[in-house]
4 protein chains.
Amino acid sequence: MTTKKQVVEEFRCRAIRDAALRVVGRKGLEKATVDDIAREAGVAKGTLYLYFRSRDEIIEKTIGAAVDDLLARLQRAADGAGEGPFDEALERVLTAEFAYFDENRDFFRLYFASGEYSEDRRLRQSRRYRLHIDQLVGLIESGRRRGELKSLDSERAAIAIAGAARDLILRRIHEKEPPPPESDARFLSEVLCSGLAARRVEG
Amino acid sequence: MTTKKQVVEEFRCRAIRDAALRVVGRKGLEKATVDDIAREAGVAKGTLYLYFRSRDEIIEKTIGAAVDDLLARLQRAADGAGEGPFDEALERVLTAEFAYFDENRDFFRLYFASGEYSEDRRLRQSRRYRLHIDQLVGLIESGRRRGELKSLDSERAAIAIAGAARDLILRRIHEKEPPPPESDARFLSEVLCSGLAARRVEG
Amino acid sequence: MTTKKQVVEEFRCRAIRDAALRVVGRKGLEKATVDDIAREAGVAKGTLYLYFRSRDEIIEKTIGAAVDDLLARLQRAADGAGEGPFDEALERVLTAEFAYFDENRDFFRLYFASGEYSEDRRLRQSRRYRLHIDQLVGLIESGRRRGELKSLDSERAAIAIAGAARDLILRRIHEKEPPPPESDARFLSEVLCSGLAARRVEG
Amino acid sequence: MTTKKQVVEEFRCRAIRDAALRVVGRKGLEKATVDDIAREAGVAKGTLYLYFRSRDEIIEKTIGAAVDDLLARLQRAADGAGEGPFDEALERVLTAEFAYFDENRDFFRLYFASGEYSEDRRLRQSRRYRLHIDQLVGLIESGRRRGELKSLDSERAAIAIAGAARDLILRRIHEKEPPPPESDARFLSEVLCSGLAARRVEG
DNA sequence: TATGAATGAGAATTCATTCAT
DNA sequence: GATGAATGAATTCTCATTCAT
């Protein structure tokens, strides 16, 4: 059973993480101070330490929860696309990803900031990146099983897709008026599926 | 004429930047202290301030010089590939990029770290990113002029290529025994040129 | 209403200023470090920064508060002397000034130290000096209105009085056994009122 | 005999002191760095240490030489006035003092800065202040011997005169268009000789 | 539980002094 | 003698963490 205590605890934790997300989005990962987060959350500094062991844990869990959230969305997009052809499924997943970043610039900044090197953090975060990659691998594998795709190293392909998407997101963020998410998603999906090369009739 | 003083100055600056590069690679962008850098460079803390105005300037210039170095290498790879077919030129550029990161794990870490969000820093660094993108745009445009490539938004394509390469580099770094640079380069070049989809005879 | 928080804040600020006063008295204006002041105040260094923005602000406010304190005392002395003859009023003001410095050697040192040249500091402090001068001008003007004094440039006179008093204070500080404040006050008051010249019957 | 070496040495020392005087006048006693002084003097930093043992010695000797210079001028003014009546002699000395400061704003700043508290410095400088006071004492005593002045504590009087003059100088410095030196000198001389009080026929 | 004042280790920066050239 | 690059101790300021209320 979930006690009232646990409910309150979870509520507070989320409020703090949300505040941290906003502050990190605004000031960057290392520049976000515990003071900033407490003020943004509307609680006293000491309170943070009732729910988290350290500043690092706040940052860690904030990034973790945000990435989990993104992955869940992408998963839903991929799942819903379960049976359709690969290129449409991919397009849908990418659209979900682009749209998510458009809605969450703060999150985006944090997401990229989280790439900042730190041996410890990277190791702890890499599990999430793996999940993201595994989603894409699953999508590719299922396309291959249906004969839609070439036989290829699906993990390498997944990584390439994730990276290409990431940089397109970066561009979207910097642009005053980014194209609709669907546009970038279709573009990338097409390049990836049919390539850049002009079609030649296969001998 | 280049005076002796200027030579010494440039030499010292480079030594300090090299030290900073190693320290940042080891400890991360924000964790690298002025003490660390001085110790690594084998000079006194005050000496750093003879050549740089502040810690921030050291970091800035270190990243800048390293990225310039990479871009110059990539440019050489692309230039040398001037006349060849697009897929080979792309492969050569990507090989150069992958090889560079293999040789410079420290730099790699710094390069990704430099993605850390900071409005100021990002803006100042973005010029270099643009140069990288422009290189790829040039490559694509020349492929298109020769009729090798479809008509497409070459900037979007360049960004996607850069991102895909970046994440493959990431994987290389994490792997104990990454495949040779040529392998990843050929893989990505092929995916990008001819797409993931199984070949179907058109119409 | 004055909240408890404000009371505590004011109390702490005063304690820090008092500590700063002692340290500056002991070590001089520029030699007084933040560490010194914190130690003297019996608080941690960081605490100072909860109440003051910078070392400079501590010094500034410390001098300012001390001078305000002196001016208030002198004003009380001058006010109390409101109706009496000029020479007695002046004597009372000077006695108050001398006595104040006797009680506050530290302050005295700081007061003179505050003369240290610094365009900014001087300008900010000059308001207080003006108040001091204005007090004396008021005293002189009221003496003139009562026909006790010659018609003269009362501001120049006030400045001369302030300066003369200052240097007598300096001497008091250096002497092992200075004469009672009343003695110097009477001396200066007499010189200023009736002059150094032997009396001649005016033809 | 004065060797060439000594001539060069004295020349260099003076050049450095002059530079120090200007820098201190511009930046204040504690803010004037060895770098500043060397740059102003047009020599290398190390050179300063060939002629002075430390920064402190430079400051010390600079102040000392400047004050000696002033005292010599005042002495000349007082000497020249040897036989005249006291009030005229005093007026001449004060005129010389005011004029000197008008010509040397940098010096003035330094002179006041030198009042900055520092037990050591004060003691070393006090000899010069004594000389200044002794000059005035001499002037007063000679006036008394001629029956021009009341019988009074001539040292106290000398100190009061010095202080009054100092603050009038301060005012001159701050004013855009100070009155001619003679004006302030006459004013102060008159106040001091015949007092502020309206003349009453002595019963 | 919640608070927020206090802490103090740690970071960046300055500058008097030295010393190899 | 003269130089000025190099030094590193000393200084100011920041901020994660604690703890008495």
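Naming convention: chains lettered A, B, ... in sequence-line order (proteins, then strands); numbering from 1 in each chain.
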Asker: Over how many whole Å does the gap from A:Q6 atom CD to E:dT1 atom P extend?
Answerer: 11 Å
Asker: Using the side-chain hydrogen bond (donor to acceptor under 3.5 Å, both in side chains) rule, pick out the option among C:K27, C:R26, C:K31 that qualifies with C:D36.
Answerer: C:K27
Asker: What heavy-atom pair brings A:E57 and A:Y51 nearest, and what distance separates the two atoms?
Answerer: OE2-O, 4.2 Å
Asker: Considering all heavy atoms of both residues, which atom of A:A41 and which atom of A:A15 are nearest to each other, and what is their separation?
Answerer: CB-O, 4.4 Å
Asker: Report yes if a side-chain nitrogen or oxygen of B:Y49 is closer than 4.0 Å to either non-bridging phosphate oxygen (OP1 or OP2) of F:dA6; otherwise report no.
Answerer: no
Asker: Would you jot down, in residue-number order, the residues of residues 11-18 of chain A having a non-hydrogen atom under 4.0 Å from DNA chain F?
Answerer: none
Asker: Tell me which of D:G46 and B:L48 sits closer to the 5' end of DNA chain F, going by the nucleotide each one is nearest to.
Answerer: D:G46
Asker: Of all the heavy-atom pairs spanning D:F52 and D:R17, show the shortest one and how long it is.
Answerer: CZ-CG, 4.0 Å
Asker: Mind running a 4.0 Å heavy-atom check of residues 37-45 of chain A against DNA chain E and sending the residues that fall below it, in number order?
Answerer: A:V43, A:A44, A:K45
Asker: To the side chain of B:S54, which of F:dC15, F:dA5, E:dT13 is closest?
Answerer: E:dT13
Asker: Heavy-atom nearest nucleotide on DNA chain E for B:R53 versus C:T47: which residue maps closer to 5'?
Answerer: C:T47
Asker: For residues D:R55 and D:Y49, report the shortest heavy-atom separation together with the two atoms involved.
Answerer: N-OH, 4.2 Å
Asker: Sort out the partner of E:dA6 for me: Watson-Crick or G-U wobble, both distances under 3.5 Å, none otherwise.
Answerer: F:dT17
Asker: Hey, which sits more toward the 5' end of DNA chain E by its nearest nucleotide, B:A32 or C:L50?
Answerer: C:L50
Asker: Partner of E:dA11 by Watson-Crick or G-U wobble geometry, both contacts under 3.5 Å, or none?
Answerer: F:dT12
Asker: So if I apply the side-chain contact (heavy atoms from CB on, under 4.5 Å) rule between B:T62 and each of B:I37, B:L29, B:V23, B:L21, which one comes out positive?
Answerer: B:L21
Asker: C:D35 side chain: which of E:dT17, F:dT17, F:dT12 is closest?
Answerer: F:dT12
Asker: Please classify the nucleic acid contact of B:Y51 as base, sugar-phosphate, or nothing, using heavy-atom distances under 4.0 Å.
Answerer: sugar-phosphate
